[in-house]
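The chain is numbered in sequence order, starting from 1. We count ligands from 1, going down the list as the structure has it; atoms in each ligand are counted the same way.
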Amino acid sequence: MLCTIVLLTCFLCLIITYLWMTNHSYGYFKRHGIPTPPHRFFFGHYKDLWATKSFSITLQQWTKKYGSIYGLFLGTKPMYVVSNVDFLQEIYIKQFSSFHSRHLPIILRLQTGHKVHLFSAIGARWRRQRHVINPTFTAGKMKLMSSLVSECIETMTQKLFSVIQSQPIELNIYQLYKRMTMDVICRCAFGIDTDMQNDTENIYLKKSAGAFDQPFRYFYLFQIGIRRVLIRLIPFLKDYIEETPGSWLTNRVRDVVNLRKQSPTKRIDLLQLMIDASTDGDVKDNVDEQLMPKVLHADEVISNVFLFMIAGYETTSTALAYSTYVLATKPLIQQRLRKEIDQIDWKDDNKEATYDLAVNLPYLDLFIREVLRMYPVGTKGLTRECNTTTTVCDHTIEEGSVIQPDVFTIHYDPELWGPEDPNIFYPERHAEKRHPAAWMPFGIGPRSCIGIRFALMELKMCLIRLLREYEILASDRLEEGFRREERLVIQPDAIYIKLKKCSTA
Ligand code: HEM
């Protein structure tokens with residue numbers, strides 16, 4: 001009897017402590033004088049964020065109601081949603097040392113040791129990996145890799161050539177872009193010469209589609225999580241649980257890396273550059289810059305190759321999709337771009353010269369910047385987690401809280417982007433210097449997208465090739481296919497266009 005009473009009392013105390021702590025957590029923003037939309041016990045705002053079709057648009061709607069800095073709860077974790085650009089500049093740039101990590105989904109937090117890649121690494125490990133991988137993405141390295149990219153674009157153009165008849169026919173070009181960007185990333189990061197554009201039964205294409213195009217993505221992530229936990233608890237189960245497409249791809253990278261190490265000839269791609277900067281020995285991180293080992297562990301090469309596939313495939317194909325949508329709906333802008341492109345004497349047999357010409361076309365550069373302002377591809381990966389309590393623009397931000405920029409509000413703010421209406425597509429607005437945190441499609445600061453140069457090279461080379469050859473026309477179903485949905489990236493269903501051969505091509 002006494003034992004039961006003691007147990008019941010302990011249980012009650014635990015419940016009271018839990019309720020007190022949860023209640024205290026939910027008082028976070030009230031204590032800091034920050035407004036919040038109403039939350040639910042235990043879930044915080046998770047349920048609202050899961051239920052919405054677009055995370056980014058929901059944030060934008062709340063900003064209209066609660067202002068440029070407001071709070072949400074991820075469970076009980078406080079998250080600041082911010083569209084105040086001075087505040088963001090402090091966090092992402094000036095006080096980066098207090099905000100160097102992202103808030104990660106549980107699936108990435110399960111990764112440990114050398115399985116941790118650049119996206120999820122924190123502290124000294126992130127600094128070492130970024131230091132070693134940065135030189136892989138210099139302009140010089142991009143120029144050397146441009147011929148691999150150009151080959152994939154050429155295959156796409158040939159494919160289009162065989163489809164386009166004397167009369168323009170409707171096609172969903174987004175599908176072709178996905179195959180082309182997957183070919184590019186397989187060649188440059190995976191180090192294998194796939195031909196996904198002609199070989200639609202390609203096993204890599206199928207596995208990648210399995211890994212990235214999941215209709216029930218949360219269920220899929222849950223499945224990966226369960227698999228990881230089970231294998232960690234009972235290692236021999238590994239042989240009995242079916243490989244997920246992601247681990248199938250990871251194992252193929254391992255095979256390619258092993259083959260590469262034995263091969264006497266060197267290919268210039270992201271994989272080789274990372275292999276050259278790696279060691280088979282142990283790597284111990286050190287917070288002291290002088291003592292930081294300037295190498296990658298062999299397993300980190302593999303995890304980062306896989307990361308590049310995820311980070312570089314859907315993002316770039318979707319940015320191409322948005323660019324094509326704009327070109328199809330704005331014939332005058334298309335004409336101006338073609339005029340700039342047609343003025344160049346393209347040296348198709350000299351890939352490096354072509355690279356220089358392509359990346360330096362001024363109107364094309366403004367055009368892409370404007371596309372990504374109006375249609376940022378993803379906003380969820382931009383979070384930062386506070387690792388030491390600090391003060392930002394008179395607000396005390398406590399350790400463990402999360403920062404999420406409201407990119408849509410920032411990108412459409414007339415004060416940041418005027419005097420021309422930000423709802424109008426106007427590339428010239430980027431010729432003027434803007435606030436450092438006003439344009440965030442690739443993030444900002446030391447932890448912004450490492451692949452920006454690669455992505456811009458691919459986008460520019462592909463658009464130039466298309467516009468030299470074809471006039472892009474809107475199909476009757478263009479708007480119907482343009483319905484957007486937000487998963488890992490914010491993507492349209494389809495981009496239905498018609499292509500007409502240019503008279504000068
Ligand atoms: C249009 C195409 C792309 C877009 C819009 C894009 C966007 C982004 C964004 C928003 C971030 C988060 C930045 C931040 O937290 O401040 C990011 C990070 C990253 N991106 Fe990209 N990306 C693109 C293409 C690529 C490509 C082609 C690669 C690699 C080949 C790549 C590799 C990465 C990596 C490794 C990170 C993590 C960097 C770190 O934490 O240090 N991205 N990207």
Thinking salt bridges, do D365 and K460 make one under a 4.0 Å N-O criterion?
-> yes
Is a salt bridge present between R128 and E300, judged by a nitrogen-to-oxygen distance below 4.0 Å?
-> yes
Can you confirm if the NZ or CZ of [X] lies within 45° of the ring axis of [Y] and under 6.0 Å from the centre of its six-membered ring?
| X | Y | answer |
| --- | --- | --- |
| R102 | F119 | yes |
| R373 | Y412 | yes |
| K77 | F73 | no |
| R369 | W439 | yes |

Would you check whether [X] reaches within less than 4.0 Å of ligand 1, judged by its heavy atoms?
| X | answer |
| --- | --- |
| I444 | yes |
| H117 | no |
| R102 | yes |

Do you see a donor-acceptor pair shorter than 3.5 Å between the side chains of R179 and Q175?
-> no
Identify the protein heavy atom lying closest to [atom], giving its residue, its atom name and the separation to 0.1 Å.
| atom | answer |
| --- | --- |
| atom 22 (N) of ligand 1 | C449 SG, 3.1 Å |
| atom 6 (C) of ligand 1 | F442 CD2, 3.7 Å |
| atom 7 (C) of ligand 1 | P441 O, 3.5 Å |
| atom 31 (C) of ligand 1 | A311 CB, 3.6 Å |
| atom 16 (O) of ligand 1 | R384 NH2, 2.8 Å |
| atom 37 (C) of ligand 1 | F119 CD1, 3.7 Å |
| atom 27 (C) of ligand 1 | G312 CA, 3.5 Å |

Short N or O distance, [X] and ligand 1, threshold 3.5 Å exclusive:
| X | answer |
| --- | --- |
| T316 | no |
| R130 | yes |
| T315 | no |

Do the ring centers of Y325 and Y496 come within less than 6.0 Å of each other?
-> no
